[in-house]
Amino acid sequence: MTSENPLKSSIQIAARITESILAKQLAPGTRLGEQQLADLFGVSRTLIREALMRLATRGIVMVSARRGWFVIEPTASEAREAFEARRVIELGLLRHARPLSKHAINQLHDHIAREQAAIAGDDVGARSYLLGDFHVCLCECLGNNLLSDTLRDLTARTTLTAMLRQSPSQAVDSCEDHVHIVAALESGDIDEAERLMLDHLQIVESTLYDVAPNDPLNALRTALTPVAAAKASKSAATISTEKQPAKKSTARAKTSRAANAATISSTLSHPSSYSPGKEMKK
């Protein structure tokens, strides 16, 4: 990878992969080939393997004898565990928080301003990353860098779950929640900030179970369904033609065949595309 600041350590490479997951640029189940990553980052396979082992220890990637390294695909049960861990960490930090310094409050306001700019723009990756990273930023502002690393990993896991079990986007509402949490902290109302955070996390988690997991065959199934409908239409047209005078039956049959051909042609030319949904709120 050519850049002004090339990644030369396994820690940096692991951080870049984690950021890509938070930005929804790496989907669950994505295979991470050692040689491809080595070529991409311009480093040795040994360094790539070290980075992937770090991520495996943190529960973000897995290794299989057959598939090699790949991004995890969290189950609904694993997602619930990740959110439970997030609640324990984030609410616990707020419950025992001391009043934030002016510098910390300014940091949070700057972060929210970047969230709002990303939402107003069209960079979905930046929007997703910033909405998730708010919680890490808040953890750092509360003075616990050790837990911020853990929280970043948990947020990455819940982001992967969102990509598998996607709900309608509420990015604007999510950002508004962040605004209210920071306002409560700025006014010194820690109890209110904790209550708002609990509500926020519960809403985020609840959206994950409103829909079924993505069906990989849905696009093909949808595209092929109209073929049967076309046959039914053709049969109905044939029956209708038989009831007409003999001299008109030939013309009507030709018209029916042309209509059916047009229907099938349209189906193949415009196959339905499956959309996994918009971005969920963080």
Mind telling me whether His178 and Phe134 have parallel, tilted or perpendicular rings, with 30° and 60° as the class edges? parallel
Check ion pair Glu34-Arg49 (N to O, under 4.0 angstrom): yes
Indicate yes or no for a side-chain donor-acceptor contact from Thr30 to the backbone of Leu26 under 3.5 Å, with no hydrogens or angles considered. no
Name all residues meeting the side chain to side chain contact (heavy atoms under 4.5 Å, CB included) criterion together with Ser187; count only those two or more places apart in sequence or in a different chain, and write none if there are none. Asp189
Return yes if some donor-acceptor pair links the side-chain N/O of Thr155 with the main-chain N/O of Leu151 below 3.5 Å, else return no. yes
Determine yes or no for a side-chain-to-main-chain donor-acceptor pair under 3.5 angstrom, with Ser128 supplying the side chain and Leu22 the backbone. yes
Donor-acceptor pair, side chain of Ser174 and main chain of Ala171, under 3.5 angstrom: no
Is there a donor-acceptor contact under 3.5 Å from the side chain of Arg67 to the main chain of Gly29? yes
Nearest 0.5 Å, please: how far is CG in Leu32 from CG in Leu55? 8.5 Å
If every non-hydrogen atom of Ala27 is compared with every non-hydrogen atom of Val71, which pair is closest and at what distance? O-CB, 3.7 Å
How are the rings of His135 and His200 set relative to one another: parallel (under 30°), tilted (30 to 60°) or perpendicular (over 60°)? parallel
Got a donor-acceptor contact below 3.5 angstrom from the Gln12 side chain to the Ser9 backbone? yes
Less than 4.5 Å apart, side chain to side chain, heavy atoms only: is that true for Leu142 and Leu147? no
Can Arg152 and Glu140 be counted as an ion pair, charged N to O under 4.0 angstrom? yes
Calculate, to the nearest 0.5 Å, the distance between atoms OG and CD belonging to Ser20 and Gln25 respectively. 5.0 Å
No-hydrogen, no-angle side-chain donor-acceptor test under 3.5 Å, His109 and Glu186: yes
Can you list the residues that meet the side chain to side chain contact (heavy atoms under 4.5 Å, CB included) rule with Ser101, with sequence neighbours excluded? His103, Ala104
Output yes when Asp153 and Arg157 qualify as a salt bridge under the 4.0 Å nitrogen-oxygen rule, no when they do not. no
Main-chain N/O of Tyr129 paired with Asp133 side-chain donor or acceptor, under 3.5 Å: no
Will you find, in the side chains of His111 and Gln107, an N or O donor that is under 3.5 Å from an N or O acceptor? no
I want to check something: taking the side chain as every heavy atom from C-beta on, are Leu100 and Leu108 in contact at a cut-off of under 4.5 Å? yes
Quick one: is the NZ or CZ of Arg80 closer than 6.0 Å to the six-membered ring centre of Phe83, and within 45° of its axis? no
With the threshold set at 4.0 Å, does a side-chain nitrogen-carboxylate oxygen contact exist between Glu205 and Arg86? no
